[in-house]
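Accompanying notes for the structure given below.
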Amino acid sequence: MQFTIQATDPESKARTGVLSTDHGLIETPIFMPVGTAGTVKAVHQRELVEDVRAEIILGNTYHLYLRPGLSVLEKAGGLHRFNGWNRPILTDSGGYQVYSLSNTRKIKEDGVTFKSHIDGSKHIFTPEGVMDIQRTIGADIMMAFDECTPYPCEYGYARTSMEMTHRWLTRCIERFDSTPAKYGYQQTLFPIVQGSTYKDLRQQSAEFVAEQQREGNAIGGLAVGEPAEEMYKTIELVNAILPSDKPRYLMGVGTPENILEAIALGVDMFDCVMPTRNARHGVLFTTQGIINIKNERWKDDFSPIDEELGGYASTFYSKAYLRHLMRSEEILGAQIASLQNLTFYLWLVKQARQQIIGGNFAKWKGAMTKKLMQRL
Ligand SMILES: O=c1[nH]cnc2cc3nc(NCc4cccs4)[nH]c3cc12
């Protein structure tokens with residue numbers, strides 16, 4: 001997998017690049033819509049390509065392993081063949097989902113045992129096991145098996161957790177480097193930096209991850225409830241150590257403001273459930289600011305959802321109509337709102353990319369953040 005940096009912003013660490021995979025190119029900075037169970041909820045593949053202009057989507061190992069399961073995915077020839085998405089896919093390694101979904105998990109040196117949130121069946125995820133699972137899913141980018149350290153936590157716990165993640169990373173690399181891709185295209189493995197919000201632990205973890213010299217690196221353990229300022233300080237610290245010629249992926253982030261700030265700090269890749277999750281609750285991100293479409297205020301506002309965004313759903317449907325659909329709990333409401341938010345997120349990172357190329361990203365960021373985060 002090749003990463004080429006094109007433009008860098010003179011006043012920040014922001015940069016644009018192109019990531020080439022066997023399923024095509026990714027222009028960074030990029031936002032990856034989350035397709036948890038093999039689909040981006042309520043959005044068709046054609047819409048993802050034509051309206052959202054998504055370039056890479058994320059799948060979750062935990063969900064796909066439990067349902068449809070490895071046998072179906074293998075018989076299909078991998079996730080790309082199963083869901084018809086022929087562009088790049090990244091899979092999270094399951095650690096975070098077990099931590100956030102299954103309250104019966106037990107963490108041991110060998111791996112994490114848990115009970116399925118679907119049928120209560122018992123399972124274990126080990127570093128080796130999730131490498132094999134991601135080989136079977138066929139993601140272009142596979143994530144190492146880590147423990148997302150909860151926030152807040154004691155220094156001792158953060159260190160023990162980080163050291164476990166490092167031992168698991170070594171096991172992931174051994175397994176990954178000794179197993180072939182299953183479907184004829186290359187896969188790559190990204191390690192994940194942990195260390196909670198402790199400066200020395202983050203430095204240690206970033207150095208350990210950088211030493212592995214993989215084709216890309218991720219920053220984990222953030223967007224777990226820490227204050228934004230803590231997040232930014234941690235990103236700055238870690239990015240100073242991670243190699244600048246490899247893509248940096250900030251997991252689980254975030255709001256438009258978080259994303260622009262992290263781009264300025266040198267982050268290239270993002271994923272977050274926020275655009276799709278908020279959409280289903282009627283919270284829309286638009287080029288004019290944030291709209292809670294269920295609010296009385298939009299009852300007879302027949303203007304397009306987001307004229308300036310220009311996406312299909314955003315210009316064809318009115319605010320009043322979408323409000324009606326959401327209040328009626330019509331499925332079409334979730335579809336339109338999800339399309340709006342995802343189209344907005346991809347528009348935002350594309351705007352950032354243009355501004356970096358134009359050399360005025362740092363100036364543009366401030367004004368844009370103020371406008372986008374205002375509540376209408
Ligand atoms: O350390 C991590 N390792 C592997 N996957 C992750 C996924 C993650 N997702 C979030 N936050 C996602 C959000 C949850 C609620 C709003 S945004 N933080 C995350 C941290 C990790």
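Read the numbers this way: they start at 1 and go in the same order the structure lists the ligands and their atoms.
Below 4.0 Å from some heavy atom of Gly221 lie the following atoms of ligand 1, by number and element: 1 (O), 2 (C), 20 (C). In summary, the atoms of ligand 1 found under 4.0 Å from a heavy atom of Gly220, numbered by their order in the structure, are 1 (O), 2 (C).
Applying the ring pair (Phe, Tyr, Trp, His ring centres under 6.0 Å) test to every pair with at least one member in residues 331-353, sequence neighbours left out, gives these pairs: Phe31-Tyr345, Phe285-Tyr345, Phe344-Trp347.
Checked by distance only, ligand 1 and Gln194 come closer than 3.5 Å through their nitrogen or oxygen atoms. Inclusion of Ala223 in the set of residues having an N or O under 3.5 Å from an N or O of ligand 1 is warranted.
Classified by interplanar angle (parallel below 30°, tilted 30° to 60°, perpendicular above 60°), the ring pair His324/Tyr321 is tilted. Between Phe114 and His123, the ring-plane angle classifies as parallel under the 30° and 60° cut-offs.
Under the 6.0 Å distance and 45° angle rule, Arg105 does not count as a cation-pi partner of Phe125.
Using 4.0 Å as the threshold, Cys272 has a heavy atom nearer than that to some atom of ligand 1. Residue-ligand proximity: Leu222 is placed with a non-hydrogen atom under 4.0 Å from ligand 1.
Of the candidates Ile192, Asp146, Val224, it is Asp146 that places a heavy atom closest to atom 2 (C) of ligand 1. Of the options Asn60, Asn278, Asp92, the smallest heavy-atom separation from atom 5 (N) of ligand 1 is shown by Asp92.
Although no hydrogens or angles enter the test, the distance criterion places no donor-acceptor pair under 3.5 Å between the side chain of Asn60 and the main chain of His63.
Nearest protein heavy-atom neighbour of atom 15 (C) of ligand 1: Arg277 NH1, 4.1 Å. The nearest heavy-atom contact from the protein to atom 12 (C) of ligand 1 is Gly252 O, 3.5 Å. Annotation: atom 21 (C) of ligand 1 to nearest protein heavy atom, Tyr96 CD1, 3.7 Å.
Aromatic rings of His117 and Tyr62 (six-membered ring for Trp) have centroids within the 6.0 Å cut-off, being under it.
The CG atom of Leu265 sits 5.5 Å away from atom CD1 of Ile235, with the distance rounded to the nearest 0.5 Å.
Counting heavy-atom neighbours within 6.0 Å of Lys233 NZ, excluding the residue itself, gives a total of 12 or less.
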